[in-house]
Amino acid sequence: MTPHLIIDCGRVLSALLVMADGQFVPCSQEIRQIATRHVSTGVLFDPRISEDPDFAWDEVLEALGKATPRNLFQRARRVGLRRPWDPQAAADTLLQLASPVEVLSSASALADRNAAAALPAVAFALLDALLDAVFAFVADRHIAPRDIDPVVILPAHASSATRLVLQKLFRRRGFRRLTIVRREIAAAMALVEDAPVDCLVLDAADDDLHLHRVTIDDRDGARVFRTASSTTIRALGWSHWSSRIAAALQTAPSAAFERGLLALLTGSPESLSSRVTHGALAIVLDDAWVAARTAEVRAALPEPLDPQRTIFAGEIFALDDVRKAFGAANAVSVPVLDHTVRGVALALRWLSGDGARQLKIARDGTLRVDTGNGEAVELLAPAQLPPIGESCHFTAGFHFTGEAGGTAFLLNLLWGADRAPRGNATVCALPLQLPREGGGALRLAVTLRRSRSGRRLSGAVEARMEGDVAVARAQFAEELEVTR
């Protein structure tokens, strides 16, 4: 069996090394002389530093340009960047920066030419620095990058720009190839030996709750993982639960409180609020609190959950009381923060048991458009996708309304199966402008081509507002299947 390095790049960095003999070795890094298993990926910014009259951007940027992944955050303190465990990061005046994955996956970043040109390099540097401790952990075990296969776990809405930056990063680090797996598939891989089976993965890693129905089929020794459906529920994610816990502790919700709560759940040696302790939570998160939250969950979910086929992904589910609100009465045998990386590790161990076995990940979904009012409308049905090695062309018309005066907006094209835009990956974003009257018709022309292997779909898009001679164009590519 080839050694594998499995990394979940969520709100918390979780990494697991699978050795050639199948042994699982959790990766850790030293923070304040403490070996820490799970580390926040958050990066904080102190705007007061750059507002100082003596602050010189040229000098700071020159220093950052000479930084290495190992000392980037140390040098970046001169700009005001902080990691959550920095002694000066306890103040609530610090701003939480969006993660590189979130920024690279945003439609506005893709549509801005200047941002699209600069952001990949910035994201590369930040991700390289964030992952440096994991790479060092592997190097300390005298395993060369060329002798190990990395697997990175990303959320369903991660864009192709994110994947490209990660592939470049791992190539620069000396790894031969990189496999990228969506978080819901990674969590469901824990059931690889139970196929055929279907399960529901609850992902609360961001501000919303994502429900993914994942099926695992057994086809002549091959395990085929497929996301049959996805649903995004507003709230019920990290911010919702942290605000409910803050209210129970009679503390005002704040960024500092969220950092303290995350540190408590991960065991990170960060600056904790004296009120965010396991003892305090045991007192306030009582039966009445769980009952109230259970009512909220029941009102929001489309159907009751099956506790036997529900898998939790997201740091907030590390609290038993939050899982109880979703109907999971028993404590899980494996820490929630390890569900995704351990799921992939179990699937790899199963794969190595027989040379004839295969793992296939089919990426269901279709091309969608963000209507701007909270919906992602499907542009074509799955059966209308071009057959292997062939192409298709279609047009679609829409009517847009807005304020008079030629309002500018982004046409965000997505790939996925979720009716909520947030649950899909952005494939491209085209800047358009409404007519001065504030409304008009949009004509969309799309050409799709499927590769001869059937695993890759490439597309070209043209968009034009009625009466406008300007045409917005974009190209994209999406992977439809991963086979190991």
Side-chain angles (χ1 to χ4, degrees), residues 98 102-120 156-164 208 230 232 234 365-386 390-450 456-478 480:
E102 295 297 320
V103 172
L104 286 175
S105 300
S106 67
S108 56
L110 295 175
D112 188 313
R113 291 185 178 181
N114 293 328
L119 282 176
H157 64 268
S159 68
S160 57
T162 303
R163 297 194 293 271
L164 288 173
D208 299 323
S230 298
T232 296
R234 286 285 184 180
T366 55
L367 193 65
R368 294 171 175 261
V369 62
D370 184 354
T371 64
N373 63 352
E375 287 187 295
V377 177
E378 188 178 76
L379 292 178
L380 75 169
Q384 295 175 301
L385 289 175
E390 297 186 15
S391 61
C392 72
H393 179 82
F394 70 93
T395 60
F398 299 91
H399 183 75
F400 279 79
T401 59
E403 296 181 0
T407 305
F409 70 99
L410 284 179
L411 180 67
N412 186 14
L413 293 184
L414 310 164
W415 180 269
D418 200 327
R419 294 187 61 182
R422 176 66 176 169
N424 304 286
T426 296
V427 296
C428 60
L430 296 88
L432 296 171
Q433 190 163 354
L434 289 172
R436 292 188 177 277
E437 294 76 14
L442 169 70
R443 182 180 181 274
L444 197 65
V446 182
T447 300
L448 298 176
R449 179 171 181 80
R450 197 164 183 176
R456 186 177 178 86
L457 185 73
S458 56
V461 184
E462 288 187 356
R464 175 184 291 175
M465 293 298 299
E466 183 181 38
D468 193 349
V469 297
V471 178
R473 295 184 175 92
Q475 295 181 338
F476 65 90
E478 288 295 319
L480 302 183

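For this chain, numbers begin at 1 and follow the sequence in order.
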Work out which heavy atom in [X] is nearest to a heavy atom in [Y]; give both atom names and the distance.
X: Phe476; Y: Cys428; result: CD2-SG, 4.2 Å
X: Ala376; Y: Ala420; result: CB-C, 4.2 Å
X: Leu410; Y: Pro431; result: CD2-CA, 3.8 Å
X: Asp418; Y: Gly423; result: OD2-CA, 3.5 Å
X: His399; Y: Ala441; result: ND1-N, 4.2 Å
X: Ala472; Y: Leu432; result: CB-CD2, 3.7 Å

Should [X] and [Y] count as side-chain neighbours, where that means a heavy-atom distance under 4.5 Å?
X: Val103; Y: Leu119; result: yes
X: Leu413; Y: Leu379; result: yes
X: Leu457; Y: Arg449; result: no

For this session: Assess whether atom CD of Gln384 is packed by more than 12 heavy atoms of other residues, nucleotides or ligands within 6.0 Å.
Result: yes

Looking at [atom1] of [X] and [atom2] of [Y], how far apart are the two atoms once the value is rounded to the nearest 0.5 Å?
X: Glu390; Y: Leu448; atom1: CD; atom2: CG; answer: 13.0 Å
X: Ser230; Y: Asn424; atom1: OG; atom2: CG; answer: 7.5 Å
X: Phe409; Y: Met465; atom1: CZ; atom2: CE; answer: 5.0 Å
X: Leu164; Y: Leu104; atom1: CG; atom2: CG; answer: 9.5 Å
X: Leu385; Y: Leu480; atom1: CG; atom2: CG; answer: 7.0 Å

Problem set entry | Arg368 side-chain N/O to Gly416 backbone N/O, donor-acceptor pair under 3.5 Å | yes

Exercise. Would a distance-only check, ignoring hydrogens and angles, find a side-chain to backbone donor-acceptor pair under 3.5 Å from Ser105 to Glu102?
Worked result: no

Exercise. Listed by chain and number, what are the side-chain hydrogen bond (donor to acceptor under 3.5 Å, both in side chains) partners of Glu378, not counting sequence neighbours?
Worked result: Thr366

For this session: Could you list the residues that satisfy side-chain hydrogen bond (donor to acceptor under 3.5 Å, both in side chains) with Arg419, not counting sequence neighbours?
Result: Glu375

Seminar exercise, completed: With Phe394 as partner, the option from Leu444, Leu367, Thr447 fulfilling side chain to side chain contact (heavy atoms under 4.5 Å, CB included) is Leu367

For this session: Please assess Val461 against Arg473 for the test side-chain contact (heavy atoms from CB on, under 4.5 Å), listing each intermediate value before the final yes or no.
Result: CA-CA 6 Å; Val461 184; Arg473 295 184 175 92; over 6 Å; no

Exercise. Between Thr232 and Asp208, does any side-chain donor sit less than 3.5 Å from a side-chain acceptor?
Worked result: no

For this session: List the steps and the verdict of side-chain contact (heavy atoms from CB on, under 4.5 Å) for Ser391 and Arg450.
Result: CA-CA 6 Å; Ser391 61; Arg450 197 164 183 176; over 6 Å; no

Problem set entry | Contacts of type side-chain contact (heavy atoms from CB on, under 4.5 Å), residue Thr426, not counting sequence neighbours | Ala107, Leu110, Asn412, Leu414

